[in-house]
S.K.: 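The structure under discussion is supplied below as structure tokens; questions concerning it will follow.
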Number of protein chains: 2
Amino acid sequence: MLGSSDLHPEKSILTQLRGFLAQAHLPEDGRLPPERELSAALGVSRAELRKALDVLESEGQLWRHVGKGTFMGSRPLDTFADIEALARRSNPAEVMRTRIAIEPEIARAAAFSATPSAISEMRLCLTRSRQAENWRQYEGWDTRLHRTIAEATQNSLLLGLFDTLNAVRRAVTWGRLRSAPLKPLTDHHSFAEHDAIVDAIEHRDMAGAAAAMRTHLQTVERKLLDRQ
Amino acid sequence: MLGSSDLHPEKSILTQLRGFLAQAHLPEDGRLPPERELSAALGVSRAELRKALDVLESEGQLWRHVGKGTFMGSRPLDTFADIEALARRSNPAEVMRTRIAIEPEIARAAAFSATPSAISEMRLCLTRSRQAENWRQYEGWDTRLHRTIAEATQNSLLLGLFDTLNAVRRAVTWGRLRSAPLKPLTDHHSFAEHDAIVDAIEHRDMAGAAAAMRTHLQTVERKLLDRQ
DNA sequence: AAGTCCAACCAAAACAAGATTGGTTCAGGA
DNA sequence: TCCTGAACCAATCTTGTTTTGGTTGGACTT
């Protein structure tokens, strides 16, 4: 077991690698030579080199990706969110769960920050949605109500995340439920639920606003499930 | 000037093209044949075809792009959420409020969906963050812990929104607090708070996970305020 | 002269084939 | 038992070619 040339082979390779990384100056992006080159340069097998690299990666000192290479520093995040890519990986159920997770908190924040003019715009959306003559109109005012609530938080970042979520929702439903026929404008229990949300916001009832929004979205989710 | 074979050549080509588009069934994406093919098929010169296409494009019935082709319908809007634009409109306080709104709900979902391997990765993050020798290492493991929790929801959309939020956070703090000196690695009450979050997730305590995450983030917020 | 056609060219985008690269497996040998 | 080397895999990059809308200029017709 300890008959080899040194007692701590992996440790010596680790130090050797650390020395190399400290000495050799890497390119701008912090990329270091491919494993095959590096193992040859250090005179060790690729497997042993990988063990040492595993340690450094677990320490968070470098990150690796197949086809790209090995880089010093911490793994970079995407600098832009690709709506289409998100929609491709997601599905209607996931969108609904995400709405249920996030929109109640938006309503809570809105109950804290909403201005009177924002609340009156919500009331307008409620009235218009009641007057809607077909599903499309109703959906339009429903969407606008939810966005008005998000605007009322006066939190541009929260609003941005809401818009992203909404864009994904549209992309997902377009892709999967495009065959949905023009729904008749029948039962809209949602009227009372919408009222409850806006009422809670107007009364600065944060917990109530969140609860009302959650109840509403769970109703929507149940309708979705029933239709399938 | 009107000596040619017909008085309104461009108009006849337009109607001919309209007829073709109504009759021929296009592929899924609404793409129509390249101009060179289409002009040959309709027996008109490419220049004349392009004039007709210009009309249809000005009417908003189709859109074109070099290298891509000509498509029926309206030009698709950008599907990228611009992180930089969000960061420009936001600020550290807003980022913090948004984290407090969203991350507790992520923790709640994680308590429901987390796999044992995900939980063990959270434990690893806890251990490493305790062993951290400087602020940068600690921050790295802290970030990774929060992302591991988001991954544990097994909700790709929620994860995507979390990543967006995180990207904006980094952009905002880099832009505004770049002058922050290397903070010493002193008081980390956060250890116990992190433990409480992971414990709740492991015990499938959804409400507890959300509450622990909210408590933790409010602590972070208080530190931010104290420093200013 | 004015309009039309045709061919060529341009840059952006798509497409295709090959090479790299981290990750994994397995037979062979020390 | 452990390590090695080689092979294989899938994701990614690289490179070169093709396709596509947009543009220009000369030849031909009227």
Side-chain angles (χ1 to χ4, degrees), chain A residues 1-14 16-17 21 26-58 61-76 78 82 84-85 88-89, chain B residues 1-14 16-17 21 26-58 61-73 75-76 78-80:
Chain A
M1 180 177 280
L2 37 77
S4 65
S5 56
D6 50 353
L7 293 176
H8 303 288
E10 67 287 351
K11 191 161 189 177
S12 100
I13 292 177
L14 229 185
Q16 190 179 353
L17 178 56
L21 292 179
L26 303 171
E28 180 65 15
D29 55 358
R31 177 180 188 178
L32 48 97
E35 294 179 355
R36 292 162 175 83
E37 280 184 27
L38 195 51
S39 63
L42 298 182
V44 302
S45 80
R46 198 178 152 216
E48 300 247 30
L49 170 63
R50 283 181 56 76
K51 278 194 232 163
L53 288 174
D54 286 341
V55 175
L56 292 185
E57 184 181 27
S58 73
Q61 302 203 3
L62 54 83
W63 61 277
R64 306 186 270 187
H65 196 334
V66 219
K68 295 181 87 160
T70 306
F71 302 81
M72 299 299 294
S74 57
R75 167 176 276 102
D78 288 342
D82 185 346
E84 283 188 13
R88 230 173 294 127
R89 294 197 203 91
Chain B
M1 179 178 279
L2 38 78
S4 65
S5 58
D6 51 353
L7 293 175
H8 302 288
E10 69 287 350
K11 191 162 190 177
S12 102
I13 292 178
L14 229 186
Q16 190 179 355
L17 177 57
L21 293 179
L26 302 171
E28 180 66 14
D29 55 358
R31 178 181 188 179
L32 48 97
E35 293 179 356
R36 291 161 175 85
E37 279 185 28
L38 196 49
S39 63
L42 297 183
V44 301
S45 80
R46 200 178 149 212
E48 300 247 27
L49 171 64
R50 283 182 57 76
K51 279 194 232 162
L53 287 174
D54 286 343
V55 176
L56 290 185
E57 185 180 25
S58 71
Q61 301 202 4
L62 54 82
W63 60 279
R64 306 185 269 186
H65 196 317
V66 252
K68 296 181 86 160
T70 307
F71 301 81
M72 297 299 295
R75 166 177 276 104
D78 282 346
T79 58
F80 293 110

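Below, each value reflects all heavy atoms present in this structure, side chains not excepted, and no hydrogens, waters or symmetry copies. Numbered from 1 within each chain, the chains take letters A, B, ... in sequence-line order.
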S.K.: When the distance from CD of A:Glu57 to P of C:dG22 is rounded to whole Å, what number comes out?
M.R.: 11 Å
S.K.: Please report the distance, rounded to the nearest Å, between CD in B:Glu48 and C1' in D:dT23.
M.R.: 17 Å
S.K.: Using whole Å, what does the distance between atom C1' of nucleotide D:dC2 and atom CZ of A:Arg50 come to?
M.R.: 18 Å
S.K.: Are side-chain heavy atoms of B:Asp54 and B:Arg64 found at a separation under 4.5 Å?
M.R.: yes
S.K.: Let me confirm one number: the CG-CE distance from B:Leu26 to B:Met72, rounded to the nearest 0.5 Å.
M.R.: 6.5 Å
S.K.: On DNA chain C, check which nucleotide each of B:Arg36 and A:Thr70 is closest to and give me the residue with the more 5' one.
M.R.: B:Arg36
S.K.: Whole angstroms only, please: what is the CZ-C1' distance between A:Arg31 and C:dT20?
M.R.: 8 Å
S.K.: Between A:Lys68 and B:Pro34, name the one whose nearest nucleotide on DNA chain D is closer to the 5' end.
M.R.: A:Lys68
S.K.: Check whether any side-chain N or O of A:His65 sits under 4.0 Å from OP1 or OP2 of D:dA11, and answer yes or no.
M.R.: no
S.K.: Of all heavy-atom pairs between A:Lys68 and A:Arg31, which one has the smallest distance, and what is that distance?
M.R.: O-NH2, 3.0 Å
S.K.: Round to the nearest Å and state the distance from A:Arg64 atom CZ to C:dG23 atom P.
M.R.: 4 Å
S.K.: Among the candidates D:dT12, C:dT4, C:dG22, find the nucleotide nearest to the side-chain atoms of B:Lys51.
M.R.: C:dT4
S.K.: Provide, to the nearest angstrom, the distance between the CZ atom belonging to B:Arg46 and the P atom belonging to C:dC9.
M.R.: 14 Å
S.K.: Among D:dA10, C:dC6, D:dT20, which nucleotide has an atom closest to any side-chain atom of A:Val66?
M.R.: D:dA10
S.K.: Hey, is the main chain of A:Ile13 close enough, under 3.5 Å, to the side chain of A:Glu48 for a donor-acceptor pair?
M.R.: no
S.K.: Rounded to the nearest angstrom, tell me the gap between atom CE in B:Met72 and atom P in D:dG21.
M.R.: 14 Å
S.K.: Provide, to the nearest angstrom, the distance between the CG atom belonging to A:Leu53 and the C1' atom belonging to C:dG23.
M.R.: 12 Å
